[in-house]
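What follows is a short report on a single structure.
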Amino acid sequence: NIAALADFLAGYVYQSTILSGDIRRQVDQNLSNLFAQDSWRLNRNLNLNLGLRWDFQGPMHNDAQDLSTFDPARGGLVVVGQQIDDLYGRSSTFSPRVGFTYQPNGRDDLVVRGGLGLFYDTPAISPFLDQATLSNNGAIGVEANPVGSKPVYQITRNGYTIVPNQPIFPTNISISGNNVINLFSVSPDFKPAYVTSYNVNVEKTLGHNAIVQIGYVGSKGRRLNIVRDINQAAIGSGFVNQPDAAGFTYQQQTRPFFQQFPNFGVIDQLESVGISSYNSLQATVRTRSWHGVISQFSYTLAHNLDEISNATTLPQDSNNLMGDYGNAGSDIRHHVGGYLLYDVPGSSHGPAWLSHGWQLNTNISVRSGFPFTVRASSDTSGTGENTTRANQVADPYAGVDQTVTAGQSVQWINNKSFVNPASSNYGSVARNSVYGPGYASVDLSVFKNIPLQNQVRAQLRLEMFNIFNRVNLAQPGSRVGGGL
């Protein structure tokens, strides 16, 4: 990027941060659960299974008074054990499950199964304490706020030119003057996420050794973890050079909490407002033991949607979460997998230890590629969030030869099909709208079981992976002007 190189040589800095303080924390979390289930045979063709789970989930905590969050209604930064009792409320939930098995013709060769269940997730600790990869250089968690027994200051300075022999950051690191400090917060309405999962399938026996199963599997996630900047600056504000009398940049002046808290910059907040949807058709064929062969092959056609696939990334616009609703990062549309085991029959001639005990095995995995988001080469939105997506101007696959040639790189998509948005604008391309290379591999192994004495035996293995030496490509670059 020539423009970025020119800025570097000229000493112009768009964003910079420095962190001062001890971020080490020792935390605990209290969890309890109970589960009960029972089965009823309603008649000779129908079985019913019912279950109920109770979960108690307490928030992570300690007695050191070194965990904090942002609450403007309580005056700004508040500390667990001082102004508040917990980072978020305790949770006591009941999650029912129901399943059934139905034999339409009263025989074992045709079975219909289904199930519906509610599943609550235990909040992981990492979204609260490990946010070092957030693109807006926000505080890394509730341990990194400038308050409590171990205050941590993450000072940010944006839009300036380095002057020789002058410090970049203030020598007085405090919430004072025109210092801008980034924070991390947990929504006071935070609750554990939950998923409603449901499925129905039909299983049919073919002959004595084969079984075919086809079914639908789906789920809906609610209250999923999402991090967004509740103090996001106005679009285009990073390109305006109009500091106020106190020395605050124009971008800082446009933040929603500037009038009340002028020294607070980015405030990344963990919230439980995300949603997801998964729908799939799944088919399986398996054999139990046919002339020494045991096998299973399956195919899945699926679509997975969400707003953010993990709580360590930010939306393009924190004020428009639904603008990021699209293909999930784990969305695999097609997957074929299977295995085959063959017990080689031994010979009646020659020593038994040599001809008996051989087994051949193979595993097959073929899937379509993972999606990725094409982003602008720089923060064209001017918000400082560094999450701006690109604009699509052409078919990304038109005129592209994806043939793999030894010693040469592969251009997966046409890099001219995406451009940067105009200055002070968000990108229009949908999140995770382009799919990367698929994957295929066939593995083979040979086992030799050697009986030694009584119940003791040795096993020799020869294992070979990707025996056809297929080139499986990594995801391409994902920025305009990069290695798309």
Review point. Between Phe128 and Phe184, is the gap from one ring center to the other below 6.0 Å?
Key: no
**Study point:** Aromatic ring proximity, centroids under 6.0 angstrom, Phe370 and Tyr439
**Key:** no
Point to revise | Asp306 bridged to Arg431 by N-O distance under 4.0 Å | key: yes
Review point. Do Ser68 and Val142 pass the side chain to side chain contact (heavy atoms under 4.5 Å, CB included) test, and can you show the C-alpha distance, the side-chain angles, and the key distance before you say yes or no?
Key: CA-CA 5 Å; Ser68 58; Val142 295; 5.6 Å; no
Review point. Do side-chain atoms of Thr101 reach the backbone of Asn47 as a donor and acceptor pair under 3.5 angstrom?
Key: no
**Study point:** Verdict with reasoning, Phe70 to Phe261, per ring-ring contact (aromatic ring centres under 6.0 Å, His included)
**Key:** CA-CA 11 Å; Phe70 174 74; Phe261 306 101; 5.4 Å; yes
Exercise for review: Mind listing the closest non-hydrogen atom pair of Asp379 and Glu385 along with its distance?
Suggested key: OD2-N, 4.0 Å
Review point. Is it true that a side-chain atom of Asn472 and a backbone atom of Ala440 form a donor plus acceptor pair closer than 3.5 Å?
Key: yes
Review point. Should we say atom CG of Asn241 is surrounded by more than 12 heavy atoms from elsewhere, each under 6.0 Å from it?
Key: no
Practice item. Would you mind listing every side chain to side chain donor-acceptor pair (under 3.5 Å) that reaches into residues 186-196, with sequence neighbours excluded? Key: none
Check your understanding: For Ser377 and Asn420, what are the C-alpha separation, side-chain angles and deciding distance, and is it a side chain to side chain donor-acceptor pair (under 3.5 Å)?
Key -> CA-CA 7 Å; Ser377 61; Asn420 286 329; 2.8 Å; yes
**Study point:** Residue that, paired with Phe258, satisfies ring-ring contact (aromatic ring centres under 6.0 Å, His included) out of Phe248, Phe264, Tyr250
**Key:** Phe248
Practice item. For Arg333, enumerate each residue passing the side chain to side chain donor-acceptor pair (under 3.5 Å) test, keeping only those at least two apart in sequence or located in another chain. Key: His303, Asn327, Asp331, Tyr435
Exercise for review: For Asp71 and Thr69, test the side chains for any donor-to-acceptor distance below 3.5 angstrom and give the result as yes or no.
Suggested key: no
Review point. Are Ser330 and Asn304 linked by a side-chain donor-acceptor pair shorter than 3.5 Å?
Key: yes
Review point. Could Asp324 and Arg228 be called an ion pair, given the rule that one side-chain N must be under 4.0 Å from one carboxylate O?
Key: no
